Each structure stands twice: as C-alpha cells, then as structure tokens.
Amino acid sequence: MKRTTDSLYTLIYHAVKRIPKGRVATYGQIARLAGLTGQARLVGYALHNLRDHVDQSVPWHRVINARGASSLPDLDAELQRRLLKTEGVAFDRRGRTDLLRFGWKK
DNA sequence: CGTATGACGAGCC
DNA sequence: AGGCTCGCCATAC
C-alpha cells in the first residue's frame, strides 16, 4: 500500500509522542515503532522538518542517536541536553547519556 | 531524470 | 575508543 510523505511523517511524529518524559529513544528505535525498520534517516528528516513547523506537541528532544548523544549542531545539541536534563536525563562530559539507564524500554 | 545530501546505524579496521 | 564505508530513501537541485 502506497504511503504519502505526509503520512510517513505522521507515523514518525506519532511514535515520538509516545516517548515517556524522562526517557530517550534512538532514531532507529523510532523508525521501528513507526513501521519503518532500517530507515532511521527518515526519522531525522521528519524531525528536521519540525523546525519550520514550530510544533511543540512533538518532543523532538527525546530523540538521540545510537551512541546516546545528540546528532544536532553544537548549539542546538546544547539546547537538547538542557531540555533533557530538566526531565532528569543525565549526560557525561562528552555529552552522552547511558541508554541502558535512560533509554525507553531498555 | 541523474546526483548529491543528510537530526542514522551497523560493521570493520 | 574513534574513524571510515556503505546501505538506507525522501528531498533538493
């Protein structure tokens, strides 16, 4: 069944909204939840698309890469860590978090 | 319509 | 641990 780009993004946003507060999920994990296994890049693409959209209902800051770090440019990565820190997610000196502790559904 | 690009990730070295 | 390569596929040009 053919899927339009709009519904693809909707699937991704929906999955992101399911991440509990104080938890983080990886791009690949979100892709799987959205039924897009192996297409982590699309998740990043969809989230990047939120910038212009200014949609606060999607907790984009809870999505990080498989290394437990932010994939954003330094400036934005700092904002992301700050938002997560507010929810209780800790980061080490290198800006990485322990997915075993804070990852969703460990 | 062909190429390049990117908020990724797994595998190798 | 850290860097490179390659597969992934919607978009941009």
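Side chains are part of it too, since the values below use all heavy atoms of this structure and drop only hydrogens, waters and symmetry mates. All values reported here derive from a predicted model rather than from experimental measurement. Throughout, a chain's letter reflects where its sequence line sits, starting with A, and its residues are numbered from 1.
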N/O donor-acceptor pairs under 3.5 Å from side chains in residues 25-37 of chain A, not counting sequence neighbours:
| residue | atom | partner | partner atom | Å |
| --- | --- | --- | --- | --- |
| A:Thr26 | OG1 | A:Gln29 | N | 3.1 |
| A:Gln29 | OE1 | A:Thr26 | N | 3.4 |
| A:Gln29 | NE2 | A:Trp104 | O | 3.0 |

Side-chain polar contacts of residues 70-77 of chain A - donor-acceptor pairs under 3.5 angstrom, sequence neighbours left out - could you list them?
| residue | atom | partner | partner atom | Å |
| --- | --- | --- | --- | --- |
| A:Ser70 | OG | A:Leu72 | N | 3.1 |
| A:Ser70 | OG | A:Gln80 | OE1 | 2.5 |
| A:Ser71 | OG | A:Asn65 | ND2 | 3.0 |
| A:Asp76 | OD2 | A:Arg51 | NH2 | 3.2 |

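Atom pair A:Ile19:CD1 and B:dA7:C1' shows a separation of 13 Å (rounding to whole Å applied). Per the geometry, CG belonging to A:Asp74 stands 13 Å off P belonging to B:dA7, to the nearest Å. For the pair A:His48 NE2 and B:dA7 P, the computed distance is 6 Å after rounding to whole Å. The distance from atom CD1 of A:Ile12 to atom C1' of C:dC8 is 13 Å, rounded to the nearest whole Å. Look at CG on A:Leu36: it is 16 Å from C1' on C:dG7, rounded to the nearest Å. Rounded to whole Å, the distance from CZ on A:Arg96 to C1' on B:dA7 is 17 Å.
With sequence neighbours excluded, no residue forms a salt bridge (Lys or Arg N to Asp or Glu O under 4.0 Å) with A:Glu78. Not counting sequence neighbours, the partners of A:Lys21 by the side-chain contact (heavy atoms from CB on, under 4.5 Å) test are A:Arg62, A:Glu87. In this structure, the side-chain contact (heavy atoms from CB on, under 4.5 Å) partners of A:Arg82, at least two apart in sequence or on a different chain, are A:Leu79.
Heavy-atom nearest nucleotides on DNA chain C were determined for A:Gln39 and for A:Arg94, and the one closer to the 5' end corresponds to A:Arg94.
A 4.5 Å side-chain heavy-atom check between A:Ile19 and A:Trp60 finds every atom pair outside the cut-off.
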Given protein heavy atoms under 4.0 Å, the one-letter contact record of nucleotides 8-13 of chain B, with B base, S sugar-phosphate only and - none, is simply BS----
